[in-house]
Amino acid sequence: MFITNNFLSDLLPEYFNRYPKIELELVVSDHFIDLVDRGFDLAIRAGELKGSTLVVRKLMDVELVLVATLLYPEQHGRPKTVSDLKAHNCLIDTTSSYKNHWPVADKKNGKYVTVEGNVRANSGETVRSLALSGRGIALMPKFFFARDIYEGRLASFLDSKIQFSGGIFAAYPQRKHLSPNVRSFIDYLVGYIDQLELLCHKQ
């Protein structure tokens, strides 16, 4: 659900504007699906893909970011240390692998900090909306907040304390030739991600 809520939901409308005749069956699941057994052409997956018999193409590295509105520090104070996060209302995305055990530490290889808040949601869009309204602090992939940070709606902090490595991958069965439709979707993904990464690097 994470990829659908936080990634594909923004990408698909423009894709269909460009390729209106393509038909797509989208299956959303947090569980592993055998592409060959189920007859699927392509999977978009987050995390590390080890020991896979599929053809795997890394689409992007995932960098996390802690964010809050620019006015948030005036009302609640600005977290200056990792421990300070425990005193703040943290908006928790339950579709993430870390949930409320955030990979933020004062020392390398330190323990995750356990945070609390009055909202737990399996929707990145809900977490983003609440962060923008000043209701708390959010930790999510930077690409999801890139435009908000670039345009000054949100500010990031404690960037050097975040300890996380991950990626988003396209995976598909080993075949001699990809179908034109699958190829067009992968090519569109790559172009979309290039624009996201360019926006992230502007900050």
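Atoms considered below: every heavy atom in the structure, side chains included; atoms not considered: hydrogens, waters and symmetry mates.
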side-chain contact (heavy atoms from CB on, under 4.5 Å) between Ile137 and Val115, intermediate numbers included: CA-CA 10 Å; Ile137 295 171; Val115 298; over 6 Å; no
Where the side chain of [X] meets the backbone of [Y], is there a donor-acceptor pair that is under 3.5 Å apart?
{"X": "Ser129", "Y": "Thr126", "value": "no"}
{"X": "Asn100", "Y": "Thr114", "value": "no"}
{"X": "Asn89", "Y": "Asn118", "value": "yes"}

Test salt bridge (charged side-chain N to carboxylate O under 4.0 Å, His left out) applied to Arg135 - qualifying residues, sequence neighbours left out: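 Per chain and number, Arg135 pairs via salt bridge (charged side-chain N to carboxylate O under 4.0 Å, His left out) with no residue.
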For the atom pair [atom1] ([X]) and [atom2] ([Y]), what is the distance rounded to the nearest 0.5 Å?
{"X": "Arg183", "Y": "Ile186", "atom1": "CZ", "atom2": "CD1", "answer": "5.5 Å"}
{"X": "Asp148", "Y": "Arg128", "atom1": "CG", "atom2": "CZ", "answer": "4.0 Å"}
{"X": "Phe164", "Y": "Trp102", "atom1": "CZ", "atom2": "CH2", "answer": "13.5 Å"}
{"X": "Leu59", "Y": "Phe169", "atom1": "CG", "atom2": "CZ", "answer": "8.5 Å"}
{"X": "Ile168", "Y": "Lys58", "atom1": "CD1", "atom2": "NZ", "answer": "10.5 Å"}

Pair Thr81, Asp84: side-chain N/O donor-acceptor within cut-off below 3.5 Å: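 A donor-acceptor contact under 3.5 Å links the two side chains.
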Looking only at heavy atoms, what is the nearest atom pair of [X] and [Y], with distance?
{"X": "Phe144", "Y": "Glu125", "answer": "CZ-N, 3.7 Å"}
{"X": "Met140", "Y": "Tyr98", "answer": "CA-OH, 3.9 Å"}
{"X": "Ala121", "Y": "Val127", "answer": "CB-CG2, 4.4 Å"}
{"X": "Val65", "Y": "Lys142", "answer": "CG1-CA, 3.6 Å"}
{"X": "Gly117", "Y": "Ile92", "answer": "N-CD1, 4.2 Å"}
{"X": "Pro103", "Y": "Leu139", "answer": "CD-CD2, 3.7 Å"}

Solution key, residues 66-74 side-chain donor-acceptor pairs under 3.5 Å, sequence neighbours excluded:
| from | atom 1 | to | atom 2 | distance (Å) |
| --- | --- | --- | --- | --- |
| Thr69 | OG1 | Tyr72 | N | 3.2 |
| Tyr72 | OH | His88 | ND1 | 2.8 |

Audit row: Leu12, Leu26, side-chain contact (heavy atoms from CB on, under 4.5 Å) steps and yes/no: CA-CA 11 Å; Leu12 288 175; Leu26 179 64; 4.1 Å; yes
Partners passing side-chain contact (heavy atoms from CB on, under 4.5 Å) against Glu151 (at least two apart in sequence or in another chain):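 Glu151: side-chain contact (heavy atoms from CB on, under 4.5 Å) contacts with Arg147, Arg153.
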CA sep, side-chain torsions, deciding dist, call: Phe185, Ile22, side-chain contact (heavy atoms from CB on, under 4.5 Å): CA-CA 10 Å; Phe185 191 71; Ile22 285 183; over 6 Å; no
